[in-house]
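The chain is numbered in sequence order, starting from 1. A quick note: this is a predicted structure, and the numbers were derived from the prediction, not measured.
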Amino acid sequence: VLQDLDAYVALCAFAGRCIHDGRVEVTLQTGEKLAGKVSPDFNGALDWKGKCLDLEKAYRQVPVSTDSLRCSVALVHNTDGEPNYFVSQSLPFGACSSVYAFNRISASIRFLIQKVLGGILTVFYDDFAELEAGASGDLMDRIVSRFLSILGWTHATTGSKGLSFSASFTVLGASVDLKQLAQGRLVISNKEGRLERIASLIHAAAKVYPPKRRECQVLAGLLQYSVGSSLGATLRMAARAFSSMTAGRYPRKASSYKQLCEWLVGLVQKVKPRIVDLTSSTAPILVFTDASFDGAIARWGSVIIDQHQNTRLVAGGIISPDLVKHWISQVGDQIICEAELYAALITRHFINRRWSNRRAIFWIDNDASRLCLIKTISTSPPMLIMSQLFHSFVEGDNVACWFERVASEANIADLPSRGMIDEAAKIVAGQVVTDMDSGHDLISTIIDKSFLDDGKLMFESNFQTSDSNELGRNGSPVTFLKP
């Protein structure tokens, strides 16, 4: 299993929570608790440090079996057009089997370091993200290096990829600050200069229309590294946009493309470092949202349950007729998906006003709305905009959101979405909130026709391939942000 940045952050958080006041307490999956004192060698406190160990030219260190060399032949034509054949003695880069084979190898190395050396680490392909107490960091560094050398693995020991353990370091494309981990604070951010580079590249790309594929590829790659559970999803829509443009799907108008780039730069400038507060409750806020539409009136409903604060809130109301009218003009008469996503959006805005540094699980019974929030993929312009607004709130409250499906008949928010607010409040023994859908300008942001080229930028007809008359491969218009 590949252990990405999120896995390493979870490992650091686990270590930070286990040790406090000179004691170590670990709760096993069985519920059993292991406890003990911190070794006196650490002087009663741990200053955690980390590093990223990198295997040099990893594939080149793994030979191909002699029985498989017949499948490791590359053909290259020379300048005279004659074929030249080359046999790769090591794992060929780009081959599917190379990936699977090496992942097993790197997982085995991680297992050995953990079991034999007592190392604390995760692995992502050929990058081993390590965590160690500051007092023993240098010793662990030498032990691991010697261990890999004995096994015959060449690894970085100098340069930017061969750094020693440090309280602040770069790993898997992000900067991790462990200086206050022992005090319950972990900081994750994009590595230095990345956001500035992204903004600069988007500014440069905006000057050329149609966009160059190479520039879009570079931006898509940089933006992908800026999105995740640890870093947040503020830039996910930007990543999707440039991935789409890499495939030749971009705004039909040059003015629309320029406006898109200006908007994406604004998103980049909003991104802040993520702070993991280990002192806050790990109990998630449970959020149930739902909506209804009878062809004339659209309603929303929300139920929020916070067991940590013993809070149960219920709210519901009628969605603005102007907003409903706007949705119908954009996507047609079937707007239940937009209404469902709006219910989640205003609930997220309310959470932004009441909570911070928490986790929240959103239970949604509409698959289109739920998947739009998870992947930021939709053919509906309003849903894309609402998804982006939803994820932008994390920059202010640091609330990490997760999305799950709930069956419609089991969704308690169905009641307030049909006007039965008091009934829902009675069932959950909760309090009715009357101001959840207030104090914001979300509606004007969604409706504003100057937003993203008069609100039409996300339409299928506004995007083209390299041939302006070309349709999608299945004969339908090319869809923006479609994977």
Can any side-chain N or O of Ser387 pair as donor or acceptor with the backbone N or O of Met383 at less than 3.5 Å? no
Main-chain N/O of Cys337 paired to Ser369 side chain as donor or acceptor, under 3.5 Å: yes
Evaluation steps, side chain to side chain contact (heavy atoms under 4.5 Å, CB included), between Thr154 and Gln61: CA-CA 8 Å; Thr154 303; Gln61 298 191 56; 3.7 Å; yes
CD/Gln307: more than 12 non-hydrogen atoms of other groups inside 6.0 Å: no
Determine the minimum heavy-atom distance between Glu338 and Pro382, stating which atoms define it. CG-CB, 4.2 Å
Quick one, Glu25 and Leu34 - any side-chain contact, counting heavy atoms below 4.5 Å? no
Is the shortest heavy-atom distance from the side chain of Ser145 to the side chain of Phe147 under 4.5 Å? no
So does Val87 get a backbone contact from the side chain of Ser72, meaning a donor-acceptor N/O pair under 3.5 Å? no
Do the side chains of Met237 and Leu384 get nearer than 4.5 Å, heavy atoms only? yes
Just by distance, no angles: are the side chains of Gln330 and Ser380 close enough, under 3.5 Å, to form a donor-acceptor pair? no
Is there side-chain contact between Phe169 and Val171, with at least one heavy-atom pair below 4.5 Å? yes
Arg274 and Glu395: CA distance, side-chain angles, deciding distance, salt bridge (Lys or Arg N to Asp or Glu O under 4.0 Å) verdict: CA-CA 8 Å; Arg274 277 294 82 68; Glu395 304 300 337; 2.8 Å; yes
Report yes or no: does Asn398 contribute a side-chain atom to a donor-acceptor pair with the main-chain N or O of Ser356 at less than 3.5 Å? no
Apply side chain to side chain contact (heavy atoms under 4.5 Å, CB included) to Leu148 and Ile109, showing your working. CA-CA 9 Å; Leu148 290 175; Ile109 295 174; 3.8 Å; yes
Sub-3.5 Å donor-acceptor pair from the side chain of Gln3 to the main-chain atoms of Val123, do we have one? yes
Check for a donor-acceptor pair, side chain of Gln114 on one end and backbone N or O of Ile120 on the other, with a separation under 3.5 Å. no
Can we say Asp367 and Arg405 salt-bridge, meaning some charged N sits less than 4.0 Å from an Asp/Glu carboxylate O? yes
Output all residues satisfying ring pair (Phe, Tyr, Trp, His ring centres under 6.0 Å) with Phe390, sequence neighbours left out; order by chain, then residue number. Phe362, Phe403
Atom CZ of Arg23: over 12 foreign heavy atoms under 6.0 Å: yes
Is a side-chain N or O of Asn411 found less than 3.5 angstrom from the main chain of Thr289, in a donor-acceptor match? yes
Closer than 3.5 angstrom, by distance alone: can the side chain of Asn190 be matched with the main-chain N or O of Arg194 as a donor-acceptor pair? no
Do Ser281 and Arg358 have side chains that get closer than 4.5 Å, going by heavy atoms? yes
I want to check something: taking the side chain as every heavy atom from C-beta on, are Pro211 and Tyr257 in contact at a cut-off of under 4.5 Å? yes
Mind checking salt bridge (charged side-chain N to carboxylate O under 4.0 Å, His left out) for Asp365 and listing every partner two or more places apart, or none if nothing turns up? none
Expected output: side-chain Ser243 to main-chain Ala239 donor-acceptor under 3.5 Å: yes
Before accepting this row, confirm whether a basic side-chain N of the pair Asp127/Lys161 lies closer than 4.0 Å to the acidic partner's carboxylate O. no
Restricting to non-hydrogen atoms, name the atom on Gly50 and the atom on Leu178 that form the minimum distance, rounded to 0.1 Å. N-CD1, 3.7 Å
Does Ser175 form a side chain to side chain contact (heavy atoms under 4.5 Å, CB included) with Ile188? I'd like the steps, not just the answer. CA-CA 6 Å; Ser175 294; Ile188 310 102; over 6 Å; no
Is there side-chain contact between Leu223 and Ile198, with at least one heavy-atom pair below 4.5 Å? yes
Going through the distances and angles, do Ser149 and Leu151 end up as a side chain to side chain contact (heavy atoms under 4.5 Å, CB included)? CA-CA 5 Å; Ser149 297; Leu151 294 178; over 6 Å; no
Taking every non-hydrogen atom, the tightest pair across Thr246 and Phe242: OG1-O, 2.8 Å
Is there a donor-acceptor pair closer than 3.5 Å between any side-chain N or O of Thr234 and the backbone N or O of Val271? no
Residues forming a side chain to side chain donor-acceptor pair (under 3.5 Å) with Gln89, sequence neighbours excluded: none
Worked check of ring pair (Phe, Tyr, Trp, His ring centres under 6.0 Å) between Phe102 and Tyr125: CA-CA 7 Å; Phe102 188 81; Tyr125 292 111; 8.0 Å; no
Are side-chain heavy atoms of Leu5 and Phe124 found at a separation under 4.5 Å? no
If you count the non-hydrogen atoms of other residues, nucleotides and ligands that lie under 6.0 Å from CZ in Arg197, is the total more than 12? no
When Lys51, Lys49, Arg146 are each screened for salt bridge (charged side-chain N to carboxylate O under 4.0 Å, His left out) with Asp141, the one that passes is Lys51
